[in-house]
Amino acid sequence: MDAHHPIFSVEDPGSLSLSDLQTDDELEDFPPNKRNVMVVRGSDLIVAVGSQLRITSLVDARASSSQSKAAYKILHTTNIDFDIEQLVLSPGGKLLAVVGLNQLAVVVLPRPAYAKLVTTKVDCKCHQVGQYYHATEGAPRIVKVDWHPWGEGGSSLLVMTADGAFREYNMAEDAEEPLQTLHFIPPRTHRKGYQADEALGEEVVSFCLGQGKADWGPLTVYALMTSGDVYAMSPFLPTKAVVPESYILALECFVTAKRDLYTSVGPSTMPSYIYELQFKYVNSLIKQLPLSPPPHPSNLAPSVAPPSRLVHVLSPSSIPAFTYTPARQGPFLFQPAPVELEDGGADASDIAYVELGEGGNEIRDALDTDDDPAETKEKLGVLLIVYGDGKVDVCLDTEKIEAQWEVTQSTEKLDTEELPAFTVYETIDLGILSVVGSSSPAIDSNRPMFHADPLYGDVIYIFHSFGIHSLAMRSWVDVLVRAMQRDRAEERSVGYKLEDVLAEPHPTEVRQLLSTYSANQKSSAPVIAMAIINSPFLSYTVYALTVAYQLIPLNLPLRLSPTTEEAPGLPYPKVSPTKPSPLKPQGPPQFGLGLTSTPNNPNQPPAYISLLTSVPFTVPNLNKYLSRTAIPRSQSNRFMTPDTLRFLGQQAESTQTKTGELENLVAQVSSRVDLQKRELDRQMATVKTVQELLQKLKNRGAEGGDLNRRVESVVKRQKELVERVGKVLQALMDSYSPTLSEFEVKWFKELNRMKDQVIGSGVGDSECLKGRVATVVHRHSILKNELTTLSDQHEEKTKAAASKPKLGTMQVKAIEGRLTTEQRLLSEAKSRVDDLRKALEQVSLG
């Protein structure tokens with residue numbers, strides 16, 4: 001898409017509330033609220049300029065040869081008269097939440113056929129949301145708006161305000177009154193004085209929803225305060241929700257196991273009524289499940305488990321019998337304490353929760369509702385918190401919280417001293433302070449936001465006033481999940497111990513995709529929107545929109561990871577690189593399928609078409625036609641009555657009907673027999689033709705005629721085609737990725753290293769294997785010559801010793817006797833000398 005598309009034109013000065021370029025002094029007026037004024041719906045791009053909504057088709061914009069042909073439509077709404085701060089698209093793409101500073105509206109988006117309209121304006125329905133709570137004077141600031149993925153029809157809108165009020169609106173029923181309201185900051189009381197939260201001036205800046213498979217994770221809401229504290233409430237479910245049936249069943253097993261454990265073991269940190277309320281909450285969901293099992297899809301084999309179906313349920317909190325309010329849990333402890341940046345200390349800005357498992361390179365599922373919690377791989381919950389100074393805390397949700405309620409009537413109280421905790425894996429510095437400086441006022445007005453990657457679940461983006469960064473957590477998530485699996489399975493082999501993995505953590509891969517800060521001019525164009533395009537008709541691209549409404553497209557490379565080799569950069573072997581896709585069973589064959597299969601090219605017509613249908617012929621059952629009807633005997637049957645005549649007429653009509661049916665069945669069987677006879681004759685004739693053709697080919701081969709030349713020509717042509725395919729493939733690879741990929745660079749480095757080890761880096765390199773082999777051969781030849789010389793000398797000495805005369809036995813004994821006598825005399829002389837020395841030492845000279 002062209003960056004100068006008219007949809008980004010801002011000729012009206014009143015449509016913008018910020019200047020095109022801001023210096024450090026001017027950035028003090030930058031609004032503290034987060035902004036995201038651009039979203040993507042399929043191939044449509046929606047942009048908010050001031051209080052105006054614009055939409056255009058990216059496919060049409062790309063096909064337009066000139067800027068004059070490119071156009072956009074204005075979504076005409078009557079209720080939006082405020083500056084738009086954020087745009088949030090519903091899961092189904094039908095509704096658009098338009099967020100202002102303290103006002104909120106929902107627009108019903110037009111269908112894709114809007115592009116064919118002649119007019120430049122498209123009338124859209126618009127509903128003002130919660131005017132009593134958000135549109136009044138002095139209303140609290142709206143910090144974040146999101147759609148619940150389990151809301152019925154994608155109409156559950158979640159709104160968080162700065163005062164900690166978390167509200168749920170159902171756009172399909174009532175947009176004015178919230179169906180549920182939770183308070184993450186206790187409301188002010190009428191008593192005199194200040195409360196602790198009021199004295200600290202705490203505000204909620206963002207929230208996120210938890211995730212999980214068989215726990216309370218999907219029913220948990222996390223709220224982030226300006227100080228970085230995190231609070232949570234559980235359970236929270238939309239009033240009208242569509243939930244996977246497998247999750248409800250798995251949650252029931254989890255709650256039942258916890259309840260039985262509490263009953264058998266004894267008291268725990270939570271009071272007993274909490275487990276009873278959990279069981280009551282889950283039991284109310286179980287009662288809403290349909291009694292009939294889900295129908296097995298026709299495209300799946302009986303042995304293949306069908307995906308989990310979605311069931312419509314009502315939140316137990318909306319039932320009058322369940323009037324308990326979820327308790328606020330927190331603040332969470334961070335263990336160990338996160339590392340503080342030097343000269344840092346900015347306020348927290350955004351929070352995100354992602355669930356990652358082994359093989360993060362696989363395509364993610366947006367809803368993730370087709371997986372069975374009992375059969376999916378182990379996943380790890382990761383919580384990320386970003387601050388205005390560029391600090392990012394990456395935390396692991398190793399001990400997920402459970403549902404708790406506030407019950408004032410119970411004598412047992414919650415243990416508020418034992419706080420929940422997150423395990424801090426690492427602290428990331430985006431490098432903003434080193435570029436901008438800690439004293440710059442732009443740090444205080446910086447409000448980073450998270451943006452999840454729609455293609456890869458282990459990649460998350462952060463856009464802020466100074467550019468865009470990407471975080472890739474694949475390097476350590478795969479290793480950590482595999483270590484956890486081995487640790488739980490008690491297969492504590494070398495290299496897979498969980499403590500060893502945590503002792504040597506692998507950092508998250510951080511990349512700066514865009515920088516909008518100029519160090520020379522000390523100015524920046526803050527990024528106010530970010531969208532990722534992932535369409536087969538468009539490239540995998542990131543669109544960044546600056547405060548001056550300048551579009552900056554950034555192409556993203558697709559991840560090309562090895563599937564059979566070990567993943568580079570990982571110290572542990574990869575157990576299962578990719579998850580094999582299940583084979584789809586073939587359905588019943590249809591009429592006209594050939595007898596010869598073509599697995600390599602299923603679109604190729606078969607060589608032989610049978611006259612018979614592929615479905616076997618079923619012989620009709622004739623037992624029902626052989627039954628006889630007996631006339632009941634009674635006293636009245638002796639005379640012919642109207643009832644007797646009526647009965648005989650009915651039997652005659654039935655006999656005629658059965659006779660006609662039998663004639664039809666006989667005709668069908670006869671026709672089938674004739675068809676099988678004709679098919680048998682055709683098959684015999686075809687077999688004879690094939691045999692004759694085979695004999696001709698054998699004769700040609702024996703004669704050495706054209707067959708050999710044809711085979712050689714085919715082989716030659718095949719080689720040429722293979723070469724052409726290689727060239728075309730290389731050209732495509734060069735056009736797609738002109739530079740070498742990460743794995744290719746590592747592979748070539750490894751080849752060069754092996755070449756240096758084997759051949760050497762230059763002439764006279766004696767450390768390489770080739771030089772060492774030559775040295776060994778040379779030394780071997782030298783040693784061999786010396787060994788030959790020594791062996792010759794040894795033979796000569798042996799011959800010379802053999803030629804000398806030897807002493808006799810008596811002579812040797814006489815010599816040994818004399819040597820013994822001399823040795824005894826020497827010993828006696830030595831003992832006398834020792835005695836004399838001792839005597840001299842005892843003599844005194846004075």
Side-chain angles (χ1 to χ4, degrees), residues 292-307 580-633 637 640 642-703 705-707 710-711 714:
S292 59
H296 199 282
S298 58
N299 59 344
L300 292 179
S303 59
V304 179
S581 58
L583 297 177
K584 294 184 179 181
Q586 297 180 356
Q590 304 298 327
F591 176 79
L593 291 179
L595 297 179
T596 56
S597 60
T598 56
N600 295 332
N601 189 4
N603 297 326
Q604 183 179 355
Y608 179 81
I609 300 177
S610 175
L611 296 177
L612 307 177
T613 59
S614 57
V615 180
F617 179 76
T618 304
V619 180
N621 186 13
L622 304 179
N623 293 331
K624 65 177 182 178
Y625 301 103
L626 301 179
S627 61
R628 298 180 180 181
T629 304
I631 300 176
R633 296 182 180 182
N637 291 339
M640 190 65 64
D643 294 336
T644 305
L645 294 176
R646 191 178 300 109
F647 175 78
L648 292 176
Q650 292 175 357
Q651 294 300 320
E653 183 180 0
S654 176
T655 302
Q656 291 178 358
T657 303
K658 292 182 179 180
T659 302
E661 293 178 358
L662 279 173
E663 291 177 354
N664 293 334
L665 293 177
V666 170
Q668 292 179 11
V669 173
S670 301
S671 175
R672 178 70 181 188
V673 171
D674 295 339
L675 185 63
Q676 288 184 356
K677 289 182 179 180
R678 284 191 295 165
E679 178 62 22
L680 178 61
D681 295 339
R682 290 180 70 248
Q683 291 183 7
M684 293 179 63
T686 304
V687 170
K688 185 178 179 180
T689 303
V690 171
Q691 289 179 350
E692 293 177 355
L693 180 60
L694 180 61
Q695 188 63 32
K696 290 181 181 179
L697 292 176
K698 289 182 179 180
N699 296 335
R700 289 182 181 180
E703 296 174 359
D706 298 336
L707 183 61
R710 291 175 60 188
V711 170
V714 169

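If you're wondering where the values come from, they're calculated on a predicted model, not measured in any experiment.
Nearest approach of D643 to R646, heavy atoms of both residues: OD1-NH1, 2.8 Å. T655 and T659 get closest at one heavy-atom pair: O-OG1, 2.6 Å.
Of the possible polar contacts, none joining the S671 side chain to the A667 backbone as a donor-acceptor pair under 3.5 Å is found. Within the 3.5 Å criterion, the main-chain N or O of Q650 finds no donor-acceptor partner in the side chain of S654.
Side chains of T689 and L693 form no contact here, defined as non-hydrogen atoms less than 4.5 Å apart. Residues L665 and Q668 are in side-chain contact: their nearest non-hydrogen atoms beyond the backbone lie under 4.5 Å apart.
When M684, R678, Q676 are each tested for a side-chain contact (heavy atoms from CB on, under 4.5 Å) with L680, only one passes: M684.
Atoms CG and NZ, from D681 and K677 in turn, are 9.5 Å apart once rounded to the nearest 0.5 Å.
No hydrogens or angles considered: nothing links the side chains of Q691 and Q695 as a donor-acceptor pair under 3.5 Å.
A salt bridge does not link K658 to E661: none of the charged nitrogens lies less than 4.0 Å from a carboxylate oxygen.
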